[in-house]
Number of protein chains: 2
Amino acid sequence: MENNKITIHDIAKKLNINSSTVSRALNNSPRVTQKTKDKIIAAANEMGYQRNLLASSLRTSRTHTIGIIVPRISRHFFSSAIAGIEETAYEAGYHVFICQSLEQLEREQNLVNTLLANRVDGVMVSISMETENYDHFQGLKNRGVPLVFFDRHCDIPGYNTVLIDDFRAGFEATEHLIVQGCKNIAHLSGPQNVEIYKNRFKGYQKALEKYHIPFKEEMVFSSRLMEKDGAESAKSILALNTKVDGLFSANDVAAIGAMQYFKEKGIKIPHDIAIVGFSNEPISGIMEPSLTTIDQPGFEMGRLATNLLVSQIENKAKEIMKETIVLKPSLIERRSSIK
Amino acid sequence: MENNKITIHDIAKKLNINSSTVSRALNNSPRVTQKTKDKIIAAANEMGYQRNLLASSLRTSRTHTIGIIVPRISRHFFSSAIAGIEETAYEAGYHVFICQSLEQLEREQNLVNTLLANRVDGVMVSISMETENYDHFQGLKNRGVPLVFFDRHCDIPGYNTVLIDDFRAGFEATEHLIVQGCKNIAHLSGPQNVEIYKNRFKGYQKALEKYHIPFKEEMVFSSRLMEKDGAESAKSILALNTKVDGLFSANDVAAIGAMQYFKEKGIKIPHDIAIVGFSNEPISGIMEPSLTTIDQPGFEMGRLATNLLVSQIENKAKEIMKETIVLKPSLIERRSSIK
DNA sequence: CTGTTAGCGCATTCAC
DNA sequence: GTGAATGCGCTAACAG
C-alpha cells in the first residue's frame, strides 16, 4: 500500500501547513490547536507515517534507550533482572538495548563503545569475571552518560550500585550448614576481583570464625564457577584427606555441577554432603529438595537499578549523585533439616 | 579529561583540513593518502573522538543493526539461537537488537514498530503463541525491510524461513515410543496457529497411523505448553480411563512440568510412562537419563537465519528472494531402551 | 587526492 | 497558534 518513507514534510504538504506545526502536533505540544492536532494525527495515520527516531535523536541528543550489559542473558538471575529492567524502563518511556559480555573483558569494552556510539541515555552493567579495571567505563563518565552497576559491581567508590548483601548471604549460608551439623565445610569461590564473590567468601570465613571452626585454605576452591568447574571442584573435594560434609557454593551453576558429580559417584545429598547454593529457578524446581538455596531477587534488583538510572538521566542538570542500594538475601530451605 | 562531544569538524579544524576528508579517512576510503589517514586517526584517538552513529545512519539510512523478536530470551532454545545470531551478525558487521514478545501479540506488534522506528536494517522473528495473523509485519514489507522467520514461523508462503522438520520430529518421537513398546501414547500440543506445533501433531498422528494404532482425540492435550500446563496435562492423563504409557510433548518445558508431576505422584519414568520431549540443555543435563529428547539446533538455526537475512539486506537492489531452509531434527536417546 | 556544497528528518529558535 | 530558518553530525555528489 503505502510506499517507503513518509516524513513530516509530506504530511505538511498534503495539509498545506508547515512541517514545524506537524512536528509540534506529533509531539503533543500545547502550542497547537486541538483541531489541527487531530487533523494532523489523522493524516499521519492515514499516510502510514512513522517517526524517524534517528533524526529525532540526532536533533534532541536523547535516544530514550538504555543499554544493559550482562555476562549472559540465559542465566536465570540475569534474565529475571532483565525482566525487571524492561518493565521499569518501559513504564518510564525507555527502550532497552540488551548486550552480553559472555564473561569476556574485551567484549565488555567493545559493548561500552557500541552503546556510546549509539548514544544511549544511560548504561547498566553487571561486570564480567575478567573485569579487573574500569577504564573502559571512563568514556561514559566523560560523555556524562549515567552508569549504574547491579549485582556484580566494582569496589571503586563513586558509582551508583544496586547489590545484595553478599557478606550476609555467605555468612547465613555457612551458618546454616554449621547449625545443621556440618563440621567440614568447603567453599566454591569465584574471581576475587568480583566483589560479590569476595564478600560471599568473607561471609563464609566469618561464620566459621563465629562457631570456632578453623578456616582451612585447602577447603576453598576458586574457579570461574561454571558447571564444569563445580564438577571439578567436587572431584577435588573427594580427593581431600578431610571428609567434607558441607559445601557452600558462591553461585548456582557451580553448585549444580558439583551436585551432579557427587550423585554420579553415589554420594547422597544432603546426607553425605549438604550443599547450599543460590537459586536458579528452572533447575531448582525439578530437583529433589536436596539443595538449600539463597534467593537472589533479580527482578527487584532490575527494577531498582532502572529507577536509579532513570532518575540520574532525567536529573542530569544537577550533580550526579552516588547511591548504593543494598538488598537483603533470603535463605530458602527446601526441607526442614539437612542431617 | 576530554570533554563532551567531539565531531569530525573539531578534528578537521585542528588539522586545518576539511571535515569530508576526516570522514573519508575514518571510513578508510581509498581516496585518502595513508599519511593523512594516519594523522587523522591519531588526532581522533587523541581527542577521544567517537563517531555519532545516529548521524551516520540518518545520512546513509543504514544502521547496521538487525532486530530480533523472540518469545522469551531465557528459554534455552532461544538463547542458543541468539548466540548463533550474534556471532554471525557480528562477523557480518551488524549489531543485534534483542526483543522479547513474552508470547504476547500486542508486545510483538509494538516491537515491530519500535524496530521500524529505530530503522533496523532487517528483522528476525520467532512468533508468539498468540500470533494468528501477520498484519503487523506488513509495515516491514512496505518499508522494504527484510524479514526472516525462524523456528516458529507462519503458514503464509512468501516469507523467508528457517525451520526444522517438525513433522519428522513428531513422527520420529512417536515412532520411538511405539518401537519401545508403548501402546497408549498421549500428546501435549500447543496452539495450532503455530506451525511447529501443528506439524509435530501431524507427525504424531502419522506415526500412530503407520503402526495401526487408533488415534484418540482425548489423548491430545492442547495448551500453551508452560511448565504448569505440562503438570496439569499430566494430571488429566492420570485421570483418563485408558492407562497411558507413553507421552510425546511438543516442547521441552511442558515435558518437564509433566515429568515433575508424575514423579510427585510416584510414577516411574520411563517404566510407567515413557516421555519424549525436546532438549533443554541446562535441565536435561541434571536429570537422570529418563527423558529421550529431540535436539533443536538453535545455534545453527540462528546462524542460518542470520546469513539469510544479511544476504537479503545486502542484495536489496535485486528482487527479494523467498527461501525456506529446513533442518533435520535429531533424536537423542539418553538410554538404550525405555521399557 | 582534497575541498565545497547540500541534505538525511527532525525539533527548535525566532518572528509574526 | 503558526511559519520560516537553522543546524544536530555525518556522508555523498560534484568539483577541481
Side-chain angles (χ1 to χ4, degrees), chain A residues 2-41 43-44 47-65 116-121 143-144, chain B residues 2-41 43-44 47-65 93 116-121 143-145:
Chain A
E2 315 99 30
N3 207 316
N4 246 339
K5 332 137 182 261
I6 283 129
T7 75
I8 51 173
H9 295 100
D10 298 321
I11 115 156
K13 207 170 293 172
K14 183 170 183 186
L15 264 46
N16 271 328
I17 53 176
N18 193 281
S19 57
S20 338
T21 309
V22 177
S23 172
R24 280 192 277 257
L26 295 174
N27 285 310
N28 201 20
S29 157
R31 294 174 35 184
V32 181
T33 328
Q34 190 59 45
K35 249 183 203 166
T36 43
K37 260 185 203 170
D38 292 342
K39 213 168 48 181
I40 289 168
I41 290 169
M47 300 173 76
Y49 169 78
Q50 202 143 18
R51 179 196 307 245
N52 186 332
L53 250 39
L54 294 173
S56 175
S57 297
L58 177 61
R59 184 63 238 261
T60 59
S61 51
R62 293 271 276 111
T63 55
H64 291 278
T65 298
L116 220 37
N118 280 287
R119 298 298 191 269
V120 293
D121 292 342
R143 270 261 176 55
Chain B
E2 315 101 30
N3 207 317
N4 247 339
K5 329 136 185 262
I6 283 129
T7 74
I8 51 173
H9 296 100
D10 298 322
I11 117 157
K13 206 171 294 170
K14 183 169 182 185
L15 264 48
N16 271 329
I17 54 176
N18 192 281
S19 56
S20 331
T21 309
V22 177
S23 172
R24 281 192 277 259
L26 295 175
N27 285 310
N28 201 20
S29 155
R31 293 174 35 185
V32 181
T33 329
Q34 191 58 44
K35 248 184 202 167
T36 43
K37 261 186 203 172
D38 291 343
K39 213 168 48 180
I40 289 168
I41 289 169
M47 299 171 77
Y49 169 77
Q50 202 143 18
R51 177 196 309 243
N52 186 333
L53 250 37
L54 294 174
S56 173
S57 297
L58 177 60
R59 185 62 237 257
T60 59
S61 51
R62 295 269 277 112
T63 55
H64 291 279
T65 299
L116 220 36
N118 280 287
R119 297 297 191 271
V120 294
D121 292 341
R143 271 260 177 55
V145 177

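Numbers restart at 1 for each chain; the letters A, B, ... are given by sequence-line order, proteins then strands.
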Can you identify which nucleotide, out of [options], has its nearest atom closest to the [X] side chain?
X	options	result
B:His9	C:dG9, D:dC10, D:dG1	D:dC10
A:Val32	C:dC1, D:dT2, D:dT11	D:dT2
B:Leu58	D:dT2, C:dC8, D:dC10	C:dC8

**Study point:** Working for side chain to side chain contact (heavy atoms under 4.5 Å, CB included), residues B:Thr63 and B:Leu53
**Key:** CA-CA 8 Å; B:Thr63 55; B:Leu53 250 37; over 6 Å; no
Review point. Does any N or O in the side chain of A:Asn118 come within less than 3.5 Å of the main-chain N or O of A:Val120, such that one atom is a donor and the other an acceptor?
Key: no
Exercise for review: Look at the side chain of A:Lys14 and the backbone N and O of A:Ala44, then say whether any donor-acceptor pair between them is shorter than 3.5 Å.
Suggested key: no
Do any side-chain nitrogens or oxygens of [X] fall under 4.0 Å of OP1 or OP2 in [N]?
X	N	value
B:Ser19	D:dT11	no
A:Ser56	C:dA11	yes
B:Asn18	C:dT4	yes
B:Thr7	D:dC8	no

Scan [X] against the nucleic acid and name what it touches under 4.0 Å (heavy atoms): base, sugar-phosphate only, or nothing.
X	result
A:Arg51	sugar-phosphate
A:Thr60	sugar-phosphate
B:Thr36	sugar-phosphate
B:Thr21	sugar-phosphate
B:Leu54	nothing

Taking atom [atom2] of [N] as reference, at what distance in whole Å does atom [atom1] of [X] sit?
X	N	atom1	atom2	result
B:Tyr49	D:dG9	OH	P	10 Å
B:Ile11	D:dG9	CD1	P	15 Å
B:Arg143	C:dG9	CZ	P	10 Å
A:Arg119	D:dG9	CZ	P	8 Å
B:Arg62	D:dC10	CZ	C1'	16 Å
B:Asn52	D:dT11	CG	P	9 Å
B:Ile8	C:dG3	CD1	P	12 Å
A:Asn27	C:dT13	CG	P	13 Å

Check your understanding: Once you round to the nearest 0.5 Å, how far does OG of A:Ser19 lie from CD1 of A:Ile11?
Key ->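 Atom-to-atom, A:Ser19:OG and A:Ile11:CD1 are 10.0 Å apart.
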Review point. Rounded to the nearest 0.5 Å, what separation is found between the OG1 atom of A:Thr21 and the CD1 atom of A:Ile40?
Key: 6.0 Å
Check your understanding: Are B:Asn27 and B:Arg51 side-chain neighbours, meaning at least one heavy-atom pair lies under 4.5 Å?
Key -> yes
Less than 3.5 Å between a donor and an acceptor, one on the side chain of [X] and one on the base of [N], is that the case here?
X	N	value
A:Arg31	D:dT2	yes
A:Ser20	D:dA4	yes
B:Arg59	C:dG9	no

Check your understanding: With nearest nucleotides of DNA chain C determined for B:Ala55 and B:Asn16 from heavy-atom distances, which residue corresponds to the more 5′ nucleotide?
Key -> B:Asn16
